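Both counts, for ligands and for their atoms, begin at 1 and track the order of listing. All values derive from a computational prediction rather than experimental measurement. When reading the values below, keep in mind they use all heavy atoms of this one structure, side chains included, and skip hydrogens, waters and symmetry mates. Numbers for residues simply follow the sequence, beginning at 1.
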Amino acid sequence: MTPAAIERYDVVFVTSEMYPFSKTGGLADVLGALPPALARLGLRVGVISPMYGRMKAEEFDPRLVSSDCHVGYPWPPITAEIYQAEYYGVTVWFVARDEYFDRRHYYNTYKGDYFDNCERFTFFSRAAVEWLKRLGRVPGIIHANDWQSALVPTWIHYLRRTDPYWRECKTVMTIHNLAFQGRFSSRLFFDSGLPHEAWNMDGCEFWGDFNLLKSGIAFADAISTVSPSYADEILTPEFGCGLEGILNKRSDRLIGIINGADYDVWDPRRDKYLPSSYSTERMTGKMWCKKKLIREYYLSDMLENRPILGFIGRLRRQKGIDMLLDVLPEIMDLGVGLLVLGEGNLDYEARLLEMMEEYQGQLHVIIGYTEELAHRIQAGSDIFLMPSRYEPCGLTQMYALRYGTPPVATAVGGLRDTITAYPHPEATGFTFEKADSRLFFDAVHTAVERWEDREFWNDMVHRAMTRDFCWDRSAEQYQELYRSLGQATPGNFFK
Ligand code: ADP
Ligand code: GLC
């Protein structure tokens, strides 16, 4: 089967997650919002993503468009099924192969990463390239995201040499998190079907291992990351996770573009998950959201008149959850409430649950992943905690701003770029210079004190809620990046 209508796409994203079809974190939110924003600018946009067992794509009714997309990896050649759906002006293709993607989780279980992740995502990336060839007209840009699709720019780089079909195609590699690189045994490189010349320290090789993200950085025509500050930070040994060398070599191709927030999904004026909506003009709804949370999570009624702190995120060192645990008793001594929603490291989960026993009525911990509760904690809290060690962009602090829940965050990466920090007269939140539990506690303390000054606080909440991180602005910057590669002037380039 070949696709009926042969259309030319300005840009096709390749991603391992896309909201609302699949999500473990911010990557999904970005891929659920940026492609539609580019489509609104007039670009013809596609997305290729895996068809996971766990995903709920039924409501979008994906239809089978190919049952025999040949993928020359691993040998003997096997095939993928391709399903297609439309999502806000974007064509989404799902790569299905149940033995790889029909699993309970996407990348790992609590015991660790799936043993065949390299094979799974090499297969996925290769299937994406094969499908784009099957489409019959090459896209202007292929836009890869994180290690799971980082082999795509590598393949295109080599295919351009031998196959005229790919000559006009440019690639972009976006780094959402440099700490996850997809690092595997060298043996898997030699199974991947890539030319052996790619195996060198300016290519796929990293200290004797096969490094997928490094390969994407080495071979893409442009590299982007998700905030200007993080783009600077990753050039240093402190934040470069060992890839600062190749990033410095390619720094003329590196740009930081801040993510946006999807206000169709995250807006307290029309959030379907909230017990009561609210806006800067009518804030009583926020009080109601707070009351409901207090009741539902068995916090003391007295906390209605004290600040409720919220934390939502992966329970990993990146998010500074260990720092929160270190100073938790002192935070509790401030007479505040705290709600924690997250999952991740088993040790952190256990320590949090232990603390919950100790601080009944003041601390509630919810281990798990619940979209609805994430919205409700954003709305029902007064102060949002985000003591990240590093943060490429961070979306939760942007949501917190829109929900009138000023964040307390480390001044790193996207947090630095999106929060105007107290004591600035236009402050929207509180930051502390570096990941250190003492500095974190001091900032929480300041925030709680400032909360007590109602007039000051209301002004700050108002400023936070009216900050605009809409996707359209970021989408324009991506369009500019595509243009700089000589591609994607809608309605012009492909005529
Ligand atoms: P990261 O991608 O590093 O995890 P971001 O701040 O960019 O961090 O995005 C996190 C996204 O995942 C947000 O949409 C947030 O609401 C969501 N999220 C994180 N943990 C949970 C959880 N336990 N339950 C529900 N949503 C969560
Ligand atoms: C990653 C980063 C996060 C960023 C998200 C989307 O998961 O950790 O900071 O917001 O990707 O780009």
Which residue in the set T15, L132, V92, I142 passes side-chain contact (heavy atoms from CB on, under 4.5 Å) when paired with I48?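 Result for side-chain contact (heavy atoms from CB on, under 4.5 Å) with I48: L132.
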Please verify whether a non-hydrogen atom of [X] lies at under 4.0 Å from ligand 1.
{"X": "Y19", "value": "no"}
{"X": "Q378", "value": "no"}
{"X": "G368", "value": "yes"}

Could you check [atom] against the protein and tell me its nearest heavy-atom contact, residue, atom and distance included?
{"atom": "atom 15 (C) of ligand 1", "result": "T396 CG2, 3.5 Å"}
{"atom": "atom 20 (N) of ligand 1", "result": "G313 CA, 3.6 Å"}
{"atom": "atom 1 (C) of ligand 2", "result": "H176 O, 3.1 Å"}
{"atom": "atom 27 (C) of ligand 1", "result": "Y369 CE1, 3.4 Å"}
{"atom": "atom 8 (O) of ligand 2", "result": "Q318 NE2, 3.2 Å"}
{"atom": "atom 2 (O) of ligand 1", "result": "G26 N, 2.7 Å"}
{"atom": "atom 9 (O) of ligand 2", "result": "E391 OE2, 2.5 Å"}
{"atom": "atom 24 (N) of ligand 1", "result": "T370 N, 3.1 Å"}
{"atom": "atom 6 (O) of ligand 1", "result": "L395 N, 2.9 Å"}

Which atoms from ligand 2 have a heavy atom of [X] less than 4.0 Å away?
{"X": "N259", "answer": "6 (C), 10 (O), 12 (O)"}
{"X": "V226", "answer": "12 (O)"}
{"X": "N177", "answer": "8 (O)"}
{"X": "R314", "answer": "8 (O)"}
{"X": "V30", "answer": "6 (C), 12 (O)"}

Could you check, using the six-membered ring where one of them is a Trp, whether [X] and [Y] have ring centers closer than 6.0 angstrom?
{"X": "F239", "Y": "Y390", "result": "no"}
{"X": "Y52", "Y": "F94", "result": "no"}
{"X": "F430", "Y": "W451", "result": "no"}

Numbered atoms of ligand 1 (with element) below 4.0 Å of [X], judged on heavy atoms:
{"X": "G342", "value": "23 (N)"}
{"X": "G394", "value": "6 (O), 7 (O)"}
{"X": "R314", "value": "1 (P), 3 (O), 4 (O)"}

Among G394, P392, A28, G414, which one puts a heavy atom closest to atom 10 (O) of ligand 2? G394
Give a yes/no verdict on a cation-pi contact between R183 and F206, requiring under 6.0 Å between NZ or CZ and the six-membered ring centre and an angle within 45° of the axis. no
Contact partition for [X] relative to ligand 1, non-hydrogen atoms under 4.0 Å:
{"X": "Q397", "answer": "neither"}
{"X": "D29", "answer": "side chain"}
{"X": "F180", "answer": "neither"}

Below 30° counts as parallel, above 60° as perpendicular, anything between as tilted: where do the rings of W266 and Y403 land? perpendicular
Would you please classify the geometry between the F121 ring and the Y107 ring as parallel, tilted or perpendicular, with 30° and 60° separating the classes?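 Ring orientation of Y107 relative to F121: tilted.
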Is the closest N or O pair between K23 and ligand 1 shorter than 3.5 Å? yes
Taking N or O atoms only and a 3.5 Å limit, does K319 qualify as a polar contact for ligand 1? yes
Could you check H375 against V265 for side-chain contact (heavy atoms from CB on, under 4.5 Å), going step by step and ending with a plain yes or no? CA-CA 9 Å; H375 287 245; V265 181; 3.9 Å; yes
Taking the basic N atoms (NZ, or NE/NH1/NH2) and the acidic carboxylate oxygens, is any pair closer than 4.0 Å for [X] and [Y]?
{"X": "R40", "Y": "E476", "answer": "no"}
{"X": "R438", "Y": "D326", "answer": "no"}
{"X": "D264", "Y": "R270", "answer": "yes"}
{"X": "D232", "Y": "R416", "answer": "no"}
{"X": "K272", "Y": "E372", "answer": "no"}

Separation between CZ of F123 and OH of Y100, rounded to the nearest 0.5 Å: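 Nearest 0.5 Å value for the CZ-OH distance: 6.5 Å.
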Say you draw a straight line from CG of L352 to CG of L328; how long is it, rounded to the nearest 0.5 Å?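 So the gap between those two atoms works out to 7.5 Å.
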Verdict with reasoning, E244 to T236, per side-chain hydrogen bond (donor to acceptor under 3.5 Å, both in side chains): CA-CA 6 Å; E244 61 278 7; T236 66; over 6 Å; no
What part of L27 sits under 4.0 Å from ligand 2 if we count only heavy atoms: the side chain, the backbone, both or neither? backbone
